[in-house]
Each structure stands twice: as structure tokens, then as C-alpha cells.
2 protein chains.
Amino acid sequence: MKNKELQEKRMKGYFIQATKEILKSEGIKAISVRNIADKAGYSYATLYNYFKDINDLVFLCVSDFQAECESFVSEQTKKEPKGIKKLKASILAYIKYFIEYPGIFDLFFITKGGDFGNKQQIIDVISNSLDRVCNIDWEYCLKHKIILETDIELLKTQLRYSVIGLLILYLNRLTPKLYSEFITQANRLIDSELGIKYENLNDAMKDEQTKIQNSIISVNIG
Amino acid sequence: MKNKELQEKRMKGYFIQATKEILKSEGIKAISVRNIADKAGYSYATLYNYFKDINDLVFLCVSDFQAECESFVSEQTKKEPKGIKKLKASILAYIKYFIEYPGIFDLFFITKGGDFGNKQQIIDVISNSLDRVCNIDWEYCLKHKIILETDIELLKTQLRYSVIGLLILYLNRLTPKLYSEFITQANRLIDSELGIKYENLNDAMKDEQTKIQNSIISVNIG
DNA sequence: TAAATATAATTAACGATGTTAATATTTCCA
DNA sequence: TGGAAATATTAACATCGTTAATTATATTTA
């Protein structure tokens, strides 16, 4: 019985790995049972011995990608000084991750919830994706009273919405047309959102704010 | 020659009308050449005598829907007193339009730009969709110095991104789960964005702001 | 070890899809 | 009225997701 489980897990792994590769390189439009099975080295019908349907398979990848995204952001921002500056860098790195893998962005935010049976677990992962990526930063800012408890939920929500909107418009090739302009927009957006409650901030954050706004306000994430 | 043009225009009209009906009722996933042609009362191949392909047809609908959206918002907000309050009501009505016709939201923001050959005209319509809907309000606020010239572009941009992000997360059934909660979020979002530069506002807007914030901050758009 | 059984993998098939090529029909003018 | 031009339709092809039938493999039993 143990062998069987192991083998089944391995088989599933092959298909999941193949699906992830396709999602990353060619995007969700290139996903097909035959395509996945090809890459996994099996016939397309074999897939159905291990997965209910293609969506079941596709969305098993979500958690994996979220973890990968968190690692990516962590790696990209490890040199940043903790606080608002690192928070901003994390958000920019988060954006960069999806620019690098637009197929994963599609999977997270474009593909309809109904397509994967509205699984609550996956919905939660996606909904809180940015929050989790920035979790350390939020907690640090809270602990050191850089951001007030009363403001933090609104901040998180605003940033979540804005970042997704920004990415949607850029990735779907609507606007802006240039990458450089997009980065400028991203910076402006984050600065503005994080500055929302400027007049309510305590001294610690005012210091940070001043420093940020005096520097050239464009952090290169390229 | 004149007859021919007229007839061609009529034929195109039949297909466009059919496409619009399907987009509104069943959404873009229900779009197919056979489906459209059925509704138009012709064979599916006839469609190709008048349109290059199915995307060409689908995206001819964009401008029509934008105009319709503008009318909808105008109608919904005609009783509101001009200024910030009407601006907010317009944004909420804009949101309501897409809640009512999620298929049109898909068409505007989800469907990839590449799918309709990156036509700049259509890209512009979509990119500036919210701005145009609120155009009268922005101009009024500017004229009466309720919003400063220096802030207006940032405000527009922020709102554009936030509103799209909000709608994406809700329409794809991720979060929030309840419509009432969604409306609360929408209100909070708009209030927060429009209050961004509170400390920079002149008296006219401070008055408006105070009034808004003293009232229950939830405008029912249902 | 050989036969019987259970399991896993594959091919065949169905109803869709978008699009093109080959036909059939209608329209219009000499 | 005949024939040319325009227009509409059916046939066909290569895709797609999914299921059923079939074959190959592995496991168990005699």
C-alpha cells in the first residue's frame, strides 16, 4: 500500500511539474491535456487517472507559485533596510515577479474562480497573496509603530487593489506602453498609498517618509 | 454602390448586435462564430464575409459599451449635487455597471490586448474608460478648485487602478464573498483615494470632505 | 511457475471550437 | 432571359476537453 501511494504521488508530480512549466513559459492559453501529458511523457488520457479534470490540475500549482513568489521577493529585498523602505521594495519585487511570469498572474487573478470549483483554500491564497509576501514588513512596521494598527488594514486593501489593477492594465498591453513608464507608475502608486495617512503618522514614520520623498522616488527593480 | 454600402452596414449591424447581446447576457466564454451567426439569423461562415475574424467583431463592441456605460452613469447620478459627492457617485455607478454586466468587464479588462490586434483606438477607450465616465465631475472639481490641478492626474490614476483591482477580485469570486461587503469596500476605497491629499485641500473641498465623512459613508448604489 | 485478476496506460470516439475551401444560391445588369 | 458577379451555405480540417472501450502491465493466487 505504501508503494502505491508513493507511485501515485510521483505520477501526480510529473503532471504538476509539466503544468507548471507550461504556465510559466507559455501561459495558461497553452495549457491543454495533450500538451501537459506530452511534457510529462504520458498519453493525455492517463492524466485523468490522477486528476478529476484539467482545472483540478492547474490549480494545484497555485500554492507552489505563491511559495516561489515569496522566496523571490525575500531574495530580492534582503539587502533593504527594514521598515517602509523594505515594504516598498517588497511590493515592487512582487510586481516584478508577475512581470517575469505573466502566465502566473493570469492564473492568479484573471482565471475565473468558478473554473477551479471555488476552492476556498486557493481563493484565500490568491486573495492574500500580496499580504503574505509583505507579511514580515507589515509586522515590523506595526511592532515599531511605523504604521498604526488603525490604518494597516485599509493600507493593505488599497495596495492589493491598486497593484492588481496596475498589473492588469500593463500586462494586457493596454497602458502604459513602456516598461519604464510602468515602473514610474508603480513607484508613484506605492508612494502615494503608503503616504495616505501622512498627517496621522508618528515621528518614526515621518522620518522614513521624508527620507523616501527626498530621494529619487524610483527604485529600480530591473 | 450606395445600396451595397448600406446593405453591408446592415449586415455588420446584425452580427454586432448579436455579439453584444451574447456578451451582455452570457459573457465572452459563450462567444462563438456559430453562436453569433445563429442569433444573427445567418450561417456561421457568412460572418467571415463581413469580418476578418471573431475578435475583429467582438472588439467593435467596445466603443458601444463605453458609450452605454457613460449614459448609465449619467442617468444614475443626475440627482447628485455636483462636486466630490457626484464624483464619488459616478465611480460607484461605474462599478455598478460592470457588476451588472460582468461580461463587459471581461471584454474591457480581462481579454488580452493582443487578441484584438492591439488596436490603439480600442486600447485608449478602455484605458480611459473611468476617466471619461467621470470627465464632467473632474472638470467641475477642477474649475471650482475643489481638486487641485497638481493632484488630479495622480488621483485619476490611483482610482483607475483601484477600481479595476476591486472589480477583478470580486467578479472572479475571490473576495469579498458578500455583495454588501464589496460595496463597503468600494466606498472605503473611493473615500480613501479622494481623501489622499486632504491636508493640501482648499476650504471648498475641506467643507465637502467634512460633510462626506460626517455622513454615513456608504452610498447605496443598489 | 502458470493462470487469473486487478491495475494502469493507451487509443478511439464524441461533440465542441475557429477558420478556410469548395459549393450552392441569389442578385443584378446587358 | 442568360450569364456574371456577389453572397450565402455546407463540407472539411485541425484543434480542444472528456469518456468509453481496449490493450498492456503488474500483482496475486493456485
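Lettering follows sequence order; numbering is per chain, from 1. Nothing here was measured: the structure is a model prediction, and the numbers come from that model.
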TODO: Go through the steps to decide whether A:Y97 and A:Q76 satisfy the test side-chain hydrogen bond (donor to acceptor under 3.5 Å, both in side chains), and finish with yes or no.
DONE: CA-CA 10 Å; A:Y97 179 80; A:Q76 288 270 318; over 6 Å; no

TODO: Would you kindly give the CD1-to-P distance between A:I54 and D:dG17, to the nearest whole Å?
DONE: 4 Å

Open item on the list: Check the orientation of B:Y170 and B:Y179. Use parallel for under 30°, tilted for 30 to 60°, and perpendicular for over 60°.
Closed with: tilted

- [ ] Check every atom of C:dA9, C:dT11, D:dA12 against the side chain of A:S43 and return the nucleotide holding the closest atom.
- [x] C:dT11

TODO: Look at A:D191 together with A:K88 and state whether they make a salt bridge at an N to O cut-off of under 4.0 Å.
DONE: yes

Task: Phosphate contact (C:dT17 OP1 or OP2) by B:S32 side-chain N/O below 4.0 Å - done: yes

- [ ] Decide if atom CD1 of B:I28 counts as having more than 12 heavy atoms of other residues, nucleotides or ligands within a radius under 6.0 Å.
- [x] yes

Open item on the list: So A:L57, base contact, sugar-phosphate only, or nothing? Heavy-atom distance under 4.0 Å.
Closed with: nothing

Task: Nearest-Å distance for atom pair CZ/C1', residues A:R10 and C:dA8 - done: 16 Å

Task: Nucleic acid contacts of residues 12-27 of chain B, taken as heavy-atom distances under 4.0 Å to DNA chain C - done: none

Task: Length of the line joining B:F51:CZ and C:dT19:P, which is rounded to integer Å - done: 13 Å

Open item on the list: Does any part of the side chain of B:I99, heavy atoms only, come nearer than 4.5 Å to the side chain of B:F182, both counted from C-beta?
Closed with: yes

TODO: Would you kindly give the CG-to-P distance between A:D38 and C:dA9, to the nearest whole Å?
DONE: 16 Å

Open item on the list: Between C1' on C:dT20 and CG on B:D53, what's the gap in Å once rounded to a whole number?
Closed with: 13 Å

Open item on the list: Taking the ring of A:F105 and the ring of A:Y101, is the distance between their centroids below 6.0 Å?
Closed with: no

- [ ] State whether B:K29 and B:E26 are salt-bridged, where the test is any N-O pair (Lys NZ or Arg NE/NH1/NH2 against Asp/Glu carboxylate O) under 4.0 Å.
- [x] no

Got a list of protein N/O to nucleotides 19-27 of chain D N/O distances below 3.5 Å?
none

Open item on the list: If I take atom CZ in residue A:R34 and atom C1' in nucleotide C:dA12, what distance separates them, rounded to the nearest angstrom?
Closed with: 11 Å

Open item on the list: Output the rounded distance in Å from OH (B:Y42) to C1' (D:dT9).
Closed with: 13 Å

Open item on the list: Heavy atoms only, 4.0 Å cut-off, all strands: where does A:L47 land among base, sugar-phosphate and nothing?
Closed with: nothing

TODO: Using a strict cut-off of less than 4.0 Å between a Lys/Arg side-chain nitrogen and an Asp/Glu carboxylate oxygen, indicate whether A:K86 and A:D137 qualify as a salt bridge.
DONE: yes

Task: A:S162 backbone acceptor or donor facing B:S162 side chain under 3.5 Å - done: no

Open item on the list: Can you measure B:N49 atom CG to C:dT25 atom P for me and round it to whole angstrom units?
Closed with: 17 Å

